[in-house]
Amino acid sequence: MIRQYELVNLLKSYSKNIDEDALNRAYVYAMKMHGSQIRASGDPYFSHPLEVAAILTEMKLDEASIITALLHDTVEDTDATLDDIGRLFGEEIKKLVDGVTKLNRIELQNKQNKQAENFRKLILAISEDIRVLLVKLADRLHNMRTLHHINKPEKQRRIAMETLEIYVPLAERIGVSKFKEELEDLSFKFLNMEARESIKKRLEFLRNEGEKVVASIIDELARQMKSAKIKAEITGREKTPYSIWKKMQRKNVSFEQLSDIMAFRIIVDDISTCYHVLGIIHGLYPTVPGRFKDYISIPKPNGYRSLHTTVIGPDNHRIEVQIRTQEMHEEAELGVAAHWAYKQETNAKGGKQYRWLRELMDIMEQASHPEEFLQHTKLELFQEQVYCFTPAGDLIELPKGATTVDFAYAVHSKIGDTCVGAKVNGRIVPLNTKLKNGDQVEIRTSKKQTPSPNWERFVVTGKAHSRIRRFIRQQQQEQYASLGKAMLQKICKQEDVSFNEKKFTPILKQFKTQDIDKLYIGLGSGHINAREVFKAAFPDKAAENAKNIRELKEQDFQKTKDENISNKKGKKGKKVPMPIKGLIPGMALHYARCCHPLPGDKIVGIVTTGKGVTIHTIDCESLESFADTPERWIDVAWDSGQDTPETHIGRLDITLANEPGSLGTLSTVIGSKDGNITNLKIINRQIDFWDILVDVYVRDSKHLDEIIKTLRATPEITAVRRTKGR
Ligand code: MN
């Protein structure tokens, strides 16, 4: 185990101005908090955060990263809280520890290893600060190094698989091949011990046999460099067992056929020398076609730069040669972390810092806000998405701002269509709740539920939008059709003609409709005039009809209203009121804002072009403007037998004594009668009295009347009346 002063010295060796005290306090704090906890290896638990910190010093990470490494398991595994960390070590450390803790929790949620790609994105999105990810990778590396202590082969395999699918690509993505190769090799060990062993044995054999070969190739290359007066450092190294195995799998060749298991590296001073060396190598030895890669001109997506070529080298050995500068070499080993080290050294000189920031941004495919990167190296690559879990542990990718309904539709269209409620992280939330990264979402469905027009206001995904819209359109069409049919039936009855669909078939073309349903839809939506359709179908009735209209116009307004009130006893039983049944508000039916009709009120429907039917109370003043167009009036009645009673807005005009607590009394009284205040507006404020408008959700007019009665019995309330309009 590393000692306290050793860790401080390690950090001092590459970083100036460190806060030795903070580092010591973190060391002592973590040791104290983990106390007597023991690892599977039998070591004290504290050895783990300490090793993680040591791994990060090898990468020359900054003090905050090292302190975070020491503290990374305290919040999750000990009594320490995030606030304790903030109080003792400051905001920066608190944020970093919080990030690592979140990653640990997410890791526990992801039961399966499927959807590794989404999971990697989730980790990047949650990390926010690149240091969080580096601490997490070092944590995983140490856990992999000690995985053999866990005596459950199944668990070993699962963790190794997870490492290979999730952490290895992450390490590669941010260019830390140092982490990548070791994590890969350790995973390989637990996933395919036999393959790894046989490759290692073979490598050993070749190594013994070819020891001289490697040395002679290095000598030969060195001589060539010297004669060209190039200062170069040449190393030869074996490829890793895993990369050899992958190549064998990919190319479907046996180990014997794999000739270039040796790679030689030539490290030189600058980029132009790299190309110079390449020219020399290609001039000396025959090249293997298709193997030359210029990653200096076009770096790999993770920022990796080098020249790669394969040649038939000295003594006809096929060898791969990598040519790079010292800086490229460090970047290849440490990736983003190398940039971090550069940043520390050159903080004063802004130029270089900016260059690495630019590169990092390219790595992260993120092109905006370079300024932000100067302060926090944020991983904003996947900040435009949120990743949420299903109860089964599946990850669902959604755009930022997505709600539980979007989630439901993303899981399955049917689940979206029938969702009635949602739980996020075990708590019941409204359907319009916006989701956050890592949320676990459970959708409750009901076969009776259908998409609601209200959902359209908050969903953000195209899938949810289009499904809801399609459903509404379909419902609208159906409702318009039944409405239109009822309108024609009504006219026929009024005109003493027996209704028969066939009578209307010959006139379909005249109204530019293909079939009778389209005609009904046109009528119901108000695009086609019902009287005109009737006139066209029964021309002989036309004259009489015209007379009727004239008469109607001459009749006083009251009469028109009387004609259309369903609740009044109709003459000769001609009245056929349409129940507002299955007419979903917001689709083919709207309640007028001018009079707020409530179930129980006498009502009338007015066909409004393109909107379907608007329901008014029969005493609504705005009905006067429809006096000239009786054909637009339709007879409607409340459907009493509805199984799911809707709530409606009733509006009250209230005069209230201006004294302390009177407003509270008002809301208490309304609440006690099961009314829910949805809006409140002060109209007039006098010394003694206030006039206010209160909108209350009620079931029907009877419900509202009860509320009014109770309010009238309340001393603080001077006057109450149901009002319309304003
Ligand atoms: Mn840990």
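Excluded from the calculations below are hydrogen atoms, water molecules and symmetry mates; all remaining heavy atoms, backbone and side chain alike, are included. We count ligands from 1, going down the list as the structure has it; atoms in each ligand are counted the same way.
Listed by first then second residue, pairs satisfying salt bridge (charged side-chain N to carboxylate O under 4.0 Å, His left out) with a partner in residues 134-150 read Glu107-Lys136, Glu107-Arg140, Lys136-Asp139, Arg140-Glu162, Arg145-Glu182, not counting sequence neighbours. Listed by first and then second residue, the salt bridge (charged side-chain N to carboxylate O under 4.0 Å, His left out) pairs that reach into residues 4-13 are Lys12-Glu20, sequence neighbours excluded.
The pair Asp21-Arg25 counts as a salt bridge, with a side-chain nitrogen and a carboxylate oxygen less than 4.0 angstrom apart.
Atoms of the protein (N, O or S only) found under 2.8 Å from the Mn ion (ligand 1) are His48 NE2, His72 NE2, Asp73 OD2, Asp139 OD1.
Remark: Asp79 engages no residue in a side chain to side chain donor-acceptor pair (under 3.5 Å) (not counting sequence neighbours).
Looking at His142, His48, His34 one by one, the single match for ring-ring contact (aromatic ring centres under 6.0 Å, His included) with His72 turns out to be His48.
The closest donor-acceptor contact from the side chain of Ser177 to the backbone of Ala332 lies under 3.5 Å.
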